[in-house]
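Notes to accompany the following structure.
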Amino acid sequence: MKNRFELCDIPFSLDETLSCGQVFRWKKVNDFWEGVCHGRFIKVLQNKKFLEYSGCDEEFLKYYFQLDLDLDLVLDSVCTDEHIEKAINERYGLRLVRQEPWECLLSYICAQNANIGFISRMLENMSAMCGEKIGTDEGSYSYPSAESLSQKCVTDIGCCSTGYRAPYICETSFAVMSDPKWSKRIQNLGYPDARKEIMKYKGVGPKVADCILLFAFQKFESFPVDVWIRRIMNGFYGIGNPEKPMSSSEYASISSFARDHFGEYAGYAQEYLFAGRK
DNA sequence: CAACAGGCTGAAA
DNA sequence: TTTCAGCCTGTT
């Protein structure tokens with residue numbers, strides 16, 4: 001019933017990867033992680049060097065968890081001081097997953113001014129409203145497609161606890177539905193141009209754009225700056241001022257500092273630092 | 001009750 | 001170009 005994949009010498013921690021806050025529809029039930037992604041309902045368990053799983057094939061696991069990426073090479077490249085070194089040692093094995101672009105866009109529009117539990121609830125509500133039933137588990141619905149969401153009114157989407165984000169979701173789902181090649185277009189752009197493009201969607205500002213580019217488009221130089229990262233960067237490197245509201249210039253300077261400091265995989269450094277927040 | 005949570009939009013300076 | 005109020009929901 002369950003499939004089995006041997007990691008061999010591939011560094012990977014399922015727990016760190018799924019609990020760090022990059023995804024919102026994975027839950028740990030007993031020892032298994034259960035999640036909805038790419039239109040599938042998947043269960044995965046890590047037992048040391050083995051992954052036991054159902055709901056997908058081995059190729060999907062490698063694809064979703066980006067197991068082909070040489071994690072040690074990436075972490076060596078961003079490991080430029082004692083702070084990030086400590087974070088890496090504490091979270092070793094954390095990988096960025098490969099989110100489906102629309103899932104990611106929708107998720108991070110919801111993520112503004114919200115916490116993880118709240119975000120998950122909004123997504124579950126919208127999935128139950130117009131996602132498709134997947135698997136046999138009760139309440140497991142796929143993410144709602146842009147097509148299905150674009151046919152709902154603001155009130156219906158607002159009923160999913162999305163609050164003031166409802167009109168953003170309406171407008172952006174319609175825009176995406178009307179332009180099926182949107183994600184391919186963005187994928188083929190470099191980071192700066194891709195960022196400009198994705199910020200054209202309603203509800204997508206600098207931080208949300210950077211998250212989407214990092215988690216769905218593998219633009220690893222992207223360095224999302226949220227309130228947590230700003231505090232951390234201020235504490236470690238003395239930049240920014242967490243006491244004041246963040247201006248766009250401050251966002252740009254922190255993000256730019258991070259790219260200079262951590263290099264082309266700055267986004268990986270961000271996720272390791274973020275995972276150690278509090 | 002106020003403050004805050006993985007920000008963004010639109011208007012005004 | 002930059003600043004700033006206001007914002008849905010939910011928890012502490």
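Naming: A, B, ... by sequence-line order, numbering from 1 per chain. All figures in this text were calculated on a predicted structure; none of them were measured in a lab.
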>> Using a strict heavy-atom distance below 4.0 Å, which residues from residues 87-104 of chain A are in contact with DNA chain C?
In response: none
> Below 4.0 angstrom, N of the basic side chain to O of the carboxylate: do A:Lys62 and A:Glu59 qualify?
Replying inline: yes
> In B/S/- notation, 5' to 3', how is nucleotides 8-13 of chain B contacted by protein heavy atoms closer than 4.0 Å?
Replying inline: SSS---
> Rounding to a whole Å, what distance do you find between A:Phe118:CZ and B:dC4:P?
Replying inline: 18 Å
>> Under 6.0 Å from the ring centre and within 45 degrees of the ring axis: does the NZ or CZ of A:Arg185 meet both conditions for the six-membered ring of A:Trp182?
In response: no
Identify all side-chain donor-acceptor contacts of residues 212-221 of chain A below 3.5 Å with residues at least two apart in sequence or on another chain.
from	atom 1	to	atom 2	distance (Å)
A:Gln218	OE1	A:Arg98	NH1	3.3
A:Lys219	NZ	A:Gln187	O	3.0
A:Lys219	NZ	A:Leu189	O	2.6

>> With nearest nucleotide decided by heavy atoms, which residue, A:Ser248 or A:Gly158, maps closer to the 5′ end of DNA chain C?
In response: A:Ser248
> Does A:Val97 belong to the same Ile/Leu/Val/Met/Phe/Trp/Tyr cluster as A:Leu105, with side-chain heavy atoms less than 4.5 Å apart forming each link?
Replying inline: no
> Given atom CE of A:Met246 and atom P of B:dA5, what is their separation to the nearest angstrom?
Replying inline: 12 Å
> What orientation do A:His83 and A:Tyr237 show, parallel under 30°, tilted 30 to 60°, or perpendicular over 60°?
Replying inline: perpendicular
>> If I compare all heavy atoms of A:Cys110 with all of A:Leu123, which pair ends up nearest, and what's the gap?
In response: SG-CD2, 4.3 Å
> Which whole-number value in Å describes the distance from A:Asn115 CG to B:dA5 P?
Replying inline: 10 Å
>> So, taking the atom named SG in A:Cys160 and the one named CE in A:Met129, what distance separates them when rounded to the nearest 0.5 Å?
In response: 4.0 Å
> Does anything in residues 233-244 of chain A pair up under salt bridge (Lys or Arg N to Asp or Glu O under 4.0 Å), and if so which pairs, sequence neighbours excluded?
Replying inline: none
> Who pairs with A:Ser13 by side chain to side chain contact (heavy atoms under 4.5 Å, CB included), at least two apart in sequence or on another chain?
Replying inline: A:Asp15, A:Glu16
> When we call it a touch if two heavy atoms are under 4.0 Å apart, what does A:Arg121 touch: a base, just sugar-phosphate, or nothing?
Replying inline: sugar-phosphate
> Hey, would you say the A:Phe5 and A:Phe50 ring centroids sit under 6.0 Å apart?
Replying inline: no
>> Please give the distance between the C1' atoms of B:dT9 and C:dG10 as a whole number of Å.
In response: 22 Å
>> Can you tell whether the side chains of A:Lys49 and A:Asp9 come within less than 4.0 Å, N to carboxylate O?
In response: no
> Can you list, by residue number, the residues of residues 255-273 of chain A that have a non-hydrogen atom closer than 4.0 angstrom to DNA chain B?
Replying inline: none
>> Classify A:Glu171 by what it touches in the nucleic acid, base, sugar-phosphate, or nothing, heavy-atom distance under 4.0 Å.
In response: nothing
> Earliest and latest nucleotide of DNA chain C, 5' to 3', sitting under 4.0 Å from a non-hydrogen atom of chain A?
Replying inline: C:dT3 to C:dG10
> Taking only Watson-Crick and G-U wobble pairs with both distances under 3.5 Å, what dot-bracket line describes DNA chain B, where [ ] shows pairs that cross earlier ones and | shows pairs with another strand?
Replying inline: .||||.|||||||
> Contact class for A:Ile116 vs. all strands (heavy atom < 4.0 Å): base, sugar-phosphate, or nothing?
Replying inline: base
> With sugar-phosphate meaning primed atoms plus P, OP1 and OP2, does A:Arg231 contact a base, only sugar-phosphate, or nothing at under 4.0 Å between heavy atoms?
Replying inline: sugar-phosphate
> In terms of hydrophobic clustering (I, L, V, M, F, W, Y; side-chain heavy atoms under 4.5 Å; direct or indirect links), are A:Phe174 and A:Tyr201 co-clustered?
Replying inline: no
>> Please enumerate all residues that pass side chain to side chain contact (heavy atoms under 4.5 Å, CB included) together with A:Leu45, with sequence neighbours excluded.
In response: A:Asp31, A:Phe32, A:Glu52
>> So, using ring pair (Phe, Tyr, Trp, His ring centres under 6.0 Å) as the criterion, who are the partners of A:Tyr164 when residues are at least two apart?
In response: none
> Can you list the residues that meet the ring pair (Phe, Tyr, Trp, His ring centres under 6.0 Å) rule with A:Tyr251, with sequence neighbours excluded?
Replying inline: none
In a table with atom names and distances, give each donor-acceptor pair under 3.5 Å that connects a side chain of residues 262-271 of chain A to protein atoms at least two apart or in another chain.
from	atom 1	to	atom 2	distance (Å)
A:Tyr268	OH	A:Leu96	N	3.0
A:Gln270	NE2	A:Pro224	O	3.0

